[in-house]
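A quick write-up on the structure given underneath.
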Amino acid sequence: MSNAAPALDVDPFDEDFLADPYAHHERLRDAGPVVWLGRIGAYAMARHEHVQAALRDHEIFCSGRGVGLADFAKETPWRDPSLLLEADPPEHDRARAIVNRVLSAGLQALKPLWAEKAEELAEALVERRAFDAVTDLAEVFPMRVFPDAVGAPIDGREHLLPYAMAVFNAFGPRNAIFERGAERAREATGWVAHACRRTSLSPDGWGAQIFAAADRGECTEAEAERLVRSLLSAGIDTTVNALGHLMLGLASHPGCWDMVRGNPALRRAAFEESLRWDSTVQTFFRTTTAPVSVAGVDLPEGAKVLLFLGAANRDPRRWSHPETFDVSRSAGGHVALGSGLHQCAGQWVARAEAELMLNALAPRIRNIRLAGPPSRRLNNTLHAISHLPVEIEPA
Ligand code: QZP
């Protein structure tokens, strides 16, 4: 028996959709486990059960043909494919092992220094009573800790956020949102290529550790450069927006700040819940390697399938009151960091940044509330927050 996916006349990369993705998710989820989006020529899944299953089935839903709309089997990618994100086993696993080792050792070593930097930032913010929790906090803390950890050159770090915006725009179609950032991205791309060279990196950072793996024969010099590029692509904009959403959740849901202040164990939980509640990485694609049936719907080989992480994380089939940010729920099983083989390599770095920042803020701030509406920056992949005015009362 052959069943076609229901077709929906929805472009998930148009400005109306991206400005408020949550307004459109119900329609996607309710249409069926798999839908056909003719406007972009791809299938889509938005229910938690099926998104998670596809993420875990890396053989049928592969990454090596790109995790954007472009099929690398048919089109030349805009940059050399990532050895992690846009690769399948066994090549992926070799690269991932190197990065896992560097990040886990590196993070443990840097946590004390990062805790001090979080305290320093929190101290300065508390004195101000009112600040922008994105431009004064969420964009500041990752930029103070992560590029130093990698050992990136100091000059030119202003290219990192525009570069990441371009990387994430490029997973979608070449629409106006992509084009708007393209000019800025060309400059940034040149700087990033330079920053990833062995000779550009500080001798004691995570970048240098990746080149040490190359020296041991675990990868080539060119592969080491490309792995450093992965850190610089995925390590900043992601955590900036995740911290922004964490602060948004806490400032807009009365009672949550008190709980997080009073119970340090809830700080990690609050971050997981913020990832579930407002997933920074809203979508990415997989490509089918063989014909497959999903919940009775037949997909052909070579199909692009858009996975709605942000919609899965608010699927009422999986979560009760999914639109409520609730630090006391167990958000475990959210797919904001992916699932399976490709699950976020930097997830412990992100969690450390969030927890250290909350540990620094909690004892200093009695309460926090919105002082104006948050504003958003449109991106084809990220739910990005650009401003979050807050008022605080010092402890
Ligand atoms: C971006 C890379 C959520 C992912 C799409 C984020 C991401 C991961 C890896 C890379 C870039 O390896 O360049």
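Worth saying up front: this structure is predicted, and the values here are computed from it rather than measured. The figures that follow rest on heavy atoms only: side chains count, while hydrogens, waters and symmetry mates do not. Counting convention: from 1, in listed order, for ligands and their atoms alike. Nothing fancy with the numbering, it's 1 onward along the sequence.
The aromatic rings of Tyr163 and Trp78 lie tilted to each other, with the angle between the two planes from 30° to 60°. Using the six-membered ring where Trp is involved, Tyr22 and His383 have ring planes that are perpendicular, over 60° apart on the 30 and 60° scheme. Note: Trp114 and Phe141 have perpendicular aromatic rings, judged against thresholds of 30 and 60 degrees for the angle between ring planes.
When hydrogens are left out, the protein atom nearest atom 1 (C) of ligand 1 is Ala234 CB, 3.7 Å; that is the closest non-hydrogen contact. Annotation: atom 10 (C) of ligand 1 to nearest protein heavy atom, Leu85 CD2, 3.7 Å. Of all protein heavy atoms, the one closest to atom 13 (O) of ligand 1 is Arg79 NH2, 2.8 Å.
Of all the atoms in ligand 1, the ones that sit under 4.0 Å from a non-hydrogen atom of Ser82 are 2 (C), 12 (O), 13 (O). Heavy-atom proximity to Val281, at under 4.0 Å, picks out these atoms of ligand 1: 3 (C). Close contacts of ligand 1 with Ser233, meaning ligand atoms under 4.0 Å from a residue heavy atom, involve 11 (C), 13 (O).
Here's the thing with Arg229: none of its N/O atoms is less than 3.5 angstrom from an N/O atom of ligand 1. Polar contact check, Thr238 against ligand 1: no nitrogen or oxygen pair lies under 3.5 Å apart.
Between Arg318 and Glu49 no salt bridge is recorded (no basic side-chain N to carboxylate O distance below 4.0 Å). Between Arg39 and Asp9 there is a salt bridge, with a side-chain nitrogen of the basic residue lying less than 4.0 Å from a carboxylate oxygen of the acidic one.
Proximity of a side-chain donor or acceptor of His48 to a complementary backbone N or O of Gly333 within less than 3.5 Å is detected.
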Working for side chain to side chain contact (heavy atoms under 4.5 Å, CB included), residues Arg129 and Glu393:
CA-CA 6 Å; Arg129 306 295 163 101; Glu393 212 182 292; over 6 Å; no
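At a heavy-atom cutoff of 4.0 Å, ligand 1 is contacted by no atom of Gln282, backbone or side chain.
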